[in-house]
Each structure stands twice: as structure tokens, then as C-alpha cells.
Novice: 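Sharing a structure, written as C-alpha cells. Questions coming.
Chain A is the first sequence line, chain B the second, and so forth, proteins listed ahead of strands; every chain is numbered from 1.
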Number of protein chains: 2
Amino acid sequence: MFAEERYVRIMEVVNQAGKATVAELSEALGVSQVTVRRDLEKLEEKELLLRTHGGAMALHAHVSEVAHEKSFSEKEEALVEEKERIAEAAAKLISDEDAVMLTPGTTNMLIAKRLIGKKGLKIVTNAANIAVQIGNYPELEIILIGGKLRRKSFALVGPLAEETLQNIRVDKLFLGVDGFDLKEGLTTPNLAEASMDRQMISIAKEVIVVADHTKFGKVFFSHVATLGVVHTVITDEGINRELAGQIRELGIRLIIV
Amino acid sequence: MFAEERYVRIMEVVNQAGKATVAELSEALGVSQVTVRRDLEKLEEKELLLRTHGGAMALHAHVSEVAHEKSFSEKEEALVEEKERIAEAAAKLISDEDAVMLTPGTTNMLIAKRLIGKKGLKIVTNAANIAVQIGNYPELEIILIGGKLRRKSFALVGPLAEETLQNIRVDKLFLGVDGFDLKEGLTTPNLAEASMDRQMISIAKEVIVVADHTKFGKVFFSHVATLGVVHTVITDEGINRELAGQIRELGIRLIIV
DNA sequence: TCGTATATGATCAAAATTGAAAGAAAACGA
DNA sequence: TCGTTTTCTTTCAATTTTGATCATATACGA
């Protein structure tokens, strides 16, 4: 038996019973007590349990949970503050009876979380992770567009997805883009996602682009749409003043937070 | 044998069994232990498995995965061991070029995790959480059926989902059911999910029911199908001997693990 | 054909794992 | 408080596993 297997078994016992003694674990795993103690030491280092005199105790869920969520992805993932503010502004645009659509992306994930509790709201998305994230909360009606799953972005794309979209109409589309350029319009790196985005734009009454300031002036491989389709843009204060003026001149409502 | 072929075989063994020793792999592949170690090193670099002293473990069987997950659900969710064994047996039935379909459910989630690394495999599912769980790993093609998201089970159901299914055909369906009764057939508590299940059965060449022993003799509100559609049943040793005989008499292949 | 690059295997010293033993620390009862 | 018992840590030795180095074989292109 690998040491790692013991770790797993120990965690199972400890989590299930809430605690375990060294003698019990030594017996259950068929290794010496010295080895059990060394295992417990390692598991405590990883903050998976708490050692005690004579054994170990389960760590309360929230301790490890809280520590984990923020420490890994979110620190690296920059612009969290900005995106949170964008999401807050976006959520304010949504009324209870709307049918809204969300494209994949971190900002839209933040928007989704802020919609929890809105009664009667319909949410349509092609981001599997967004659906799962808010799927446990009642009162929201969540429609997930099927299709081929793209890695990393968790976007559902392809003919299956586009076909499904044709039966749907929504009030507001929150469109996350990678590039927003006055001349080239909206762009994104992936062809399949661009095609999906276009479909989604075509079935939405109102198109709201959410993009932090770093997205402006950028152009990516796949063209999504011209700026003519955009009704509203929400971004953060980092946006260039001049550019902001030019966007407004195009008749687009620009919300800066 | 090419190195690439070895990688695939190693991933299969590791993911199906959850672990493998260097000696085992050396034996199975007919290469020296030195070569196996070099292979494992490469596979670990690609983050497809975790090396241990003496071999390697599947990502899904490791502490970092297991510890967090189990602490919450495990107390209520019994029969983990049994379900793991069922999942292992199920994974063995799947060959690389198959197109398989998975219904929502904990057992099917376990099966999905064991499929990581199978090259060219197509996985179709209407369980959003299963898709997200394995969505990050390369080499799998994952198709998620869209639809209305049901809370708790993360099943995607409804007309949208059923319509999508009509364009799809799969080799094997792994069907998780809540009730399996000789007289009443397959049943489940939710009407919408039962309807989805029926659709899925109709587009699958082979129907494989995965159910721990507690599911037998149970009958729920919504009828899914008669036992006539079932080709194979995988369950654990807890199943009643007499019942096992009766199932086999129906011409159903019964796998007990 | 030759030379080179790549993959694999063999060998062996270094590192990791484990358990036993002994001393140190902590818990506990009187 | 003291002494006893239990538990823990440290140290060491036996064993296993690993990684590095070298040798061999095979494939490939000039």
C-alpha cells in the first residue's frame, strides 16, 4: 500500500468519525504506530486534519474551505476587485422577471453569483461551470445550452449548441469578450466560441458587454461582431478617457465603475 | 510498442484501478521498471497522474481530491466502497473508441473519473456536474446535453434536452436508477428525469444499469422502462442471491463486484 | 554506409520508507 | 505535587525505490 493510499484512508476515517486514535489507525492500516504518526504529521502540514495527543481530529469544514477558495486561483487571477464592481453594476441592470443569458468567463461567473435569490429569474448560459456553481440555489430557473465542452473555459460550443439556441429568446445578454476594439469590434481567441457568441447576440433583445479595462484595444483571432450590435458596455475606471468618449459617440451606453 | 501507447495503457490501468505499482506496470507492458518510471515521470508532468513511492495513483483517488469532497457528503452518502467497485467494473467495459452516455448520479460520477486518460473516448451526459468534473482533462471529448437544470442532481432535463438527444447515438449507456424491481422495472422519483432516461435508452445500443444493492426491490413514482431494455447490470455483493438468479434468468448479464 | 539522435535496459549509489528501540514529553490519578 | 502510564519524538538500521550514468540497440537522414 502506498503512503498516499494511507493518507486517503486516514482522511476517510477521520472525517467520517470526526476523530481517530493512533492505535485504531495503526490497526486498520496494518502499519506501525510510528508510521501513523508520521502520516498524521504530513496530513496536518497539508491542513487536512488536526493532530491531538493520541490521534487526530477532523478539521471543521469552513477552515479549509475558506483558506482554499481564495488562496489558489483568485490571487493570481488579477483584477478581482474591478470585476466584482463590474458584476455588481451588471446585476443592478437585471430585474426579477428577466430572462438573461451569460457567456463563459470569470466576470459572468461573478454576475451569476449575484443573481442568487432573485425570484423567477431565468438564466440561460453555455458555461457549464456557471450553471453548476449556481445550480444548487432554488428560485432560479437555469437553462444550460448543451454542446461540446471546451476545456478551461467550460464553454459549450458546436452545432448542437447553436441549434439549441434557435429555440430561445432572451431579454439581456451579458457578453464577456477578450478583445474590444473600435475598428475591429469584438474578438475572441476561439473560433467556436465566437460563433456561439454571434448566435447568442442574434437572439438577445439587449446586448451588454462586460469587460475590464485591459480588454480594450485588444484584437484576437476570431471576430465575434461589430460594435453596432452592442447596447451597453460595463467596465472599470481603468479605461482610457478618450476611448470612453468615442464609445459613447457610437451611441453605446457606457457604465464605468 | 510506442511510448505513446504505453502512456495510454498506463493511464487506463491507473484510472481504472485508482493506482498501480511500477512492478505491475513493468510486467503488464513488457518493459523494464526504469522505462515505467520514465513514463510515469512524463505523465506526472502532464498532470495526468500522481507519482508515489513505488508507483502512481489516479488524480481522482488522491488526498487533495478525496479529503475535501468526502468530508461533507460522505456521512450521509453511504456505500462509497461499493460504488467505487461498481465504477471500476463499469470502466472495464469501456473501450477507447466508444461513445458512452452517463446519466446523473454518484456512481456515474465515479465512472467518469475513471475514464480520464482514455484517448478518443466520447462521453455524452446530461449531468452538468459530471461534465465539469472531468472537463479539465484533455483527450476526452465531452458532450453535454443542454436543458433545464434540476437542483441537487444537476440533471439537465426538459424538451430542450430531449430534442438534442434525437441527433445522437451512443454505444453504451450507463444508467443510474433509483429503483430496480422485477415486476415494476426501472423507476426513479422524478418525472422529468424518467422521461430523459427513456430517451437515452432509445438511442443507446447497449444499456448498462449501475445500481448498488439497496436499489433492488425498490419502486419509485416515475416509471423509466421495463427490464427488457436492459442488457447488463452491475451491482455489489449485497444483492440477494435469489434475485440475482432471477435477473440472470431474464437474459440479463449480471456483474457482481 | 556512416554518423547522429532517440529509446531502452543494466547497474549501482543515493534517497526514501518503515519499524524497533530508547529517551522525552504529556496526561492522569492519588 | 509526585509518580505512573501513555504517547510522542528521535535515532538508527534494514529494506525498497529511485535517479544517474553508461551501454546497447534501433531508426533516420545525409
Novice: How many Å lie between CD on B:E5 and P on C:dT8, as a whole number?
Specialist: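 Atom-to-atom, B:E5 to C:dT8, this comes out as 11 Å.
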
Novice: With DNA chain D as reference, determine whether A:T52 or B:G55 sits nearer its 5' end, using the nearest nucleotide of each.
Specialist: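 In this pair, the answer is A:T52.
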
Novice: Taking any heavy-atom pair under 4.0 Å as a contact, classify B:S26: base, sugar-phosphate, or nothing.
Specialist: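 No contact.
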
Novice: Give the rounded distance in Å between these two atoms: CD of A:E24 and C1' of D:dT7.
Specialist: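 Atom CD in A:E24 sits about 15 Å away from atom C1' in D:dT7.
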
Novice: Rounded to the Å, how far apart are B:E44 CD and D:dT17 C1'?
Specialist: 15 Å

Novice: Check every strand shown and say whether B:T21 touches a base, only sugar-phosphate, or nothing at a heavy-atom separation below 4.0 Å.
Specialist: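 No contact.
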
Novice: With rounding to the nearest 0.5 Å, note down the distance linking CG in A:L40 to CD1 in A:I10.
Specialist: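 The distance works out to 5.0 Å.
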
Novice: Among residues at least two apart in sequence or on other chains, which ones pass salt bridge (charged side-chain N to carboxylate O under 4.0 Å, His left out) with A:K42?
Specialist: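 None.
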
Novice: Is the distance from OP1 or OP2 of D:dG19 to the nearest side-chain N or O of B:R51 less than 4.0 Å?
Specialist: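 Checking B:R51 against D:dG19: at least one side-chain N or O falls below 4.0 Å of OP1 or OP2.
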
Novice: Run the salt bridge (charged side-chain N to carboxylate O under 4.0 Å, His left out) test against A:K148 and tell me which residues pass, sequence neighbours left out.
Specialist: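 Applying salt bridge (charged side-chain N to carboxylate O under 4.0 Å, His left out) to A:K148 gives none.
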
Novice: Using a strict cut-off of less than 4.0 Å between a Lys/Arg side-chain nitrogen and an Asp/Glu carboxylate oxygen, indicate whether B:E206 and B:R253 qualify as a salt bridge.
Specialist: yes

Novice: Identify whether the distance between the nearest side-chain nitrogen and carboxylate oxygen of B:R51 and A:E4 falls below 4.0 Å.
Specialist: no

Novice: Indicate whether the side chain of A:T214 and that of A:D212 have a donor and an acceptor atom separated by less than 3.5 Å.
Specialist: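 A:D212 and A:T214 do have a side-chain donor-acceptor pair below 3.5 Å.
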
Novice: Atom CZ of B:R37 and atom P of C:dT8: how far apart are they, to the nearest Å?
Specialist: 15 Å

Novice: Just by protein heavy atoms under 4.0 Å, how would nucleotides 14-30 of chain C read 5' to 3' in B, S and -?
Specialist: --SSBBB-----SS---

Novice: Which whole-number value in Å describes the distance from B:E41 CD to D:dT18 P?
Specialist: 11 Å

